[in-house]
Amino acid sequence: MFSKETYTGRRARLLEAMRATGRDGERGIAVFPGNAEAPQNYRGNDYKFRQESSFLYFWGIDEPGFAAILDLDSGEETVYGNDVDIDDIIWMGPQPSVASKGALAGVDRTAPYTAFHDAVRQARSKGRPVHFLPASRYYNTMMLSGLMECPPENIGRTASVYGTSGTAASLELTRAVISLRLIKEPCEIEEIDKACEIGYLMHTAARQACKPGVREQDIVGRMEGVTISKGWGVSFTTILSQNGETLHNHLHHQIITPGRMLLIDAGAESNTHYASDFTRTLPCSGKFTPKQRDIYDIVADCNELAFQLAAPGIPYREVHLAVAAKMLDGLKSLGLVNGHIDDMVKEGIAGLFMPHGLGHNMGIDVHDMEDLGENLVGYDDDQTRSPQLGLGSLRMARRLRPGHVITDEPGIYFIPALIGKWKAEGTDKGMVNYAAVEKYLDFGGIRLEDDLLVTDDGCRRLGPHRLPISADDVEAAMAGEQ
Ligand code: GLY
Ligand code: MN
């Protein structure tokens, strides 16, 4: 947990932001249900507990069965939770009181969990607005649906609360929370740096284990062991495969084979629940083939370009488009596409090779706050999301500001089904040289990802060490690990 002033400060800023909405005396309450335990199969055999991220951000308590209310009119703060009884002590050992947990977050008022339900019902019966954030877990979705007497699907969508109390998650609260969480505080950056260091060690262990004959799953185990021993665990399900053209490939059954490449996209979650997210693509034999190196160098140049461009004031959407232009220029020099770079960018030709966006926000969640709404989190009010393949998947398009934490993750993939579809449908408008591209149908994919903090005059890569990224440095590291 951070200092109690961290949490009281965050709530004070939230109250301030909410004061800009609604009318005095009529703003109602903001409710924050923490996560409950989630059974894997039966009660008592739960998934490892992970607190709801906004609850964690504002109230700090990292345990199941808590909720909190911030009264937007009086400023009163209450934490709800149950003190342990003798049964709990038998199974879990003695636990600090709810009051002492509240005190660590700077909250004086605590009450049993059932009083949370009573407080929400009472506010509703008085016609006071009840603000809640879109829920992602089913338990909270169903609990809020019952309390708010609205269909579960309304709990995941946002609308203005004023005048429509109880029909959906609060757009006002969601916007206010996003505005705070998007700009990371120094104590958060310290934690993200720690998560990045664990991520560095994970990838180092993976690279050392990547040798012909080894099973992919073995590498996953060694890598995840690093973060389990140093942090909370992985920040998302590990992506590790020689079929890197499948963007989120969670199958690890293959044997490392010379001549192929291994794409590893994995990160750590620190004990305070801050994420890292790195991707490297390794030559399985320790050396890239000339064909692999040509594509690899383009992706590495794109990663570097994004780092050079990311600075306050520039929309990350523009950085994505600059990367698309650089990528197309490189692919053109290899004869895979033809046409004016500007025309190809406009027509979204880069989407055939990079059907995802350049990056996303990162913080307590690896894709930070996407549960609150991808567009609300990643787009300024005057930006609209493109329908184009690739650009349309861009999750962070906003004008960059100091304190933003984002990923820089260009990639080039040869996805046979997508190439076949574009060819059949003429999507490329004559700009793709299919005869050349079809020579890459068994190539796989390359992605290279670093995590960036936007600073006052540019950006810095997060974490005390950077994983080798140039083809030469990757080969040298692997040679030293034989
Ligand atoms: N690292 C996985 C992703 O960004 O989607
Ligand atoms: Mn990522």
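All of these numbers come straight from a predicted model, not from anything done at the bench. Just follow the structure's listing: the first ligand is 1, and inside any ligand the first atom is 1.
Inspection of the environment of the Mn ion (ligand 2) yields the following protein N, O or S atoms under 2.8 Å: Asp277 OD2, His360 NE2, Glu409 OE2, Glu449 OE2.
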For ligand 1, list every N/O pair with the protein closer than 3.5 Å, one pair per line with the distance.
residue, atom, partner, partner atom, Å
ligand 1, 1 (N), Asp265, OD1, 2.9
ligand 1, 1 (N), Asp265, OD2, 3.0
ligand 1, 1 (N), Asp277, OD1, 2.9
ligand 1, 1 (N), Asp277, OD2, 3.0
ligand 1, 4 (O), Asp277, OD2, 3.3
ligand 1, 4 (O), His360, NE2, 2.9
ligand 1, 4 (O), His367, NE2, 2.9
ligand 1, 4 (O), Glu409, OE2, 3.4
ligand 1, 5 (O), His248, NE2, 2.9
ligand 1, 5 (O), His367, NE2, 2.9

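Between Arg175 and Asp381, at least one side-chain nitrogen of the basic residue sits less than 4.0 Å from a carboxylate oxygen of the acidic one, meeting the salt-bridge criterion. Glu52 has no carboxylate O lying under 4.0 Å from a charged side-chain N of Arg137, or vice versa, which leaves the two without a salt bridge. Under a 4.0 Å N-O distance rule, the pair Arg13/Glu185 qualifies as a salt bridge.
His273 pairs in a ring pair (Phe, Tyr, Trp, His ring centres under 6.0 Å) with only one of the listed residues (Trp232, Phe55, Tyr57), which is Trp232. Exactly one residue among Gln217, His252, Glu224 makes a side-chain contact (heavy atoms from CB on, under 4.5 Å) with Leu240. That residue is His252.
Side-chain atoms of Thr281 and Arg447 form no donor-acceptor pair, as typed in the model, at a separation below 3.5 Å. Side-chain polar atoms of Asn243 and Gln254 form a donor-acceptor pair below 3.5 angstrom.
Residues satisfying the side chain to side chain donor-acceptor pair (under 3.5 Å) test with Thr427, not counting sequence neighbours, are none.
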Distance-only criterion, 3.5 Å: show the donor-acceptor pairs between side-chain atoms of residues 325-348 and protein atoms not counting sequence neighbours.
residue, atom, partner, partner atom, Å
Lys332, NZ, Gly339, O, 2.8
Ser333, OG, Gly330, O, 2.7
Glu347, OE1, Lys429, NZ, 2.7

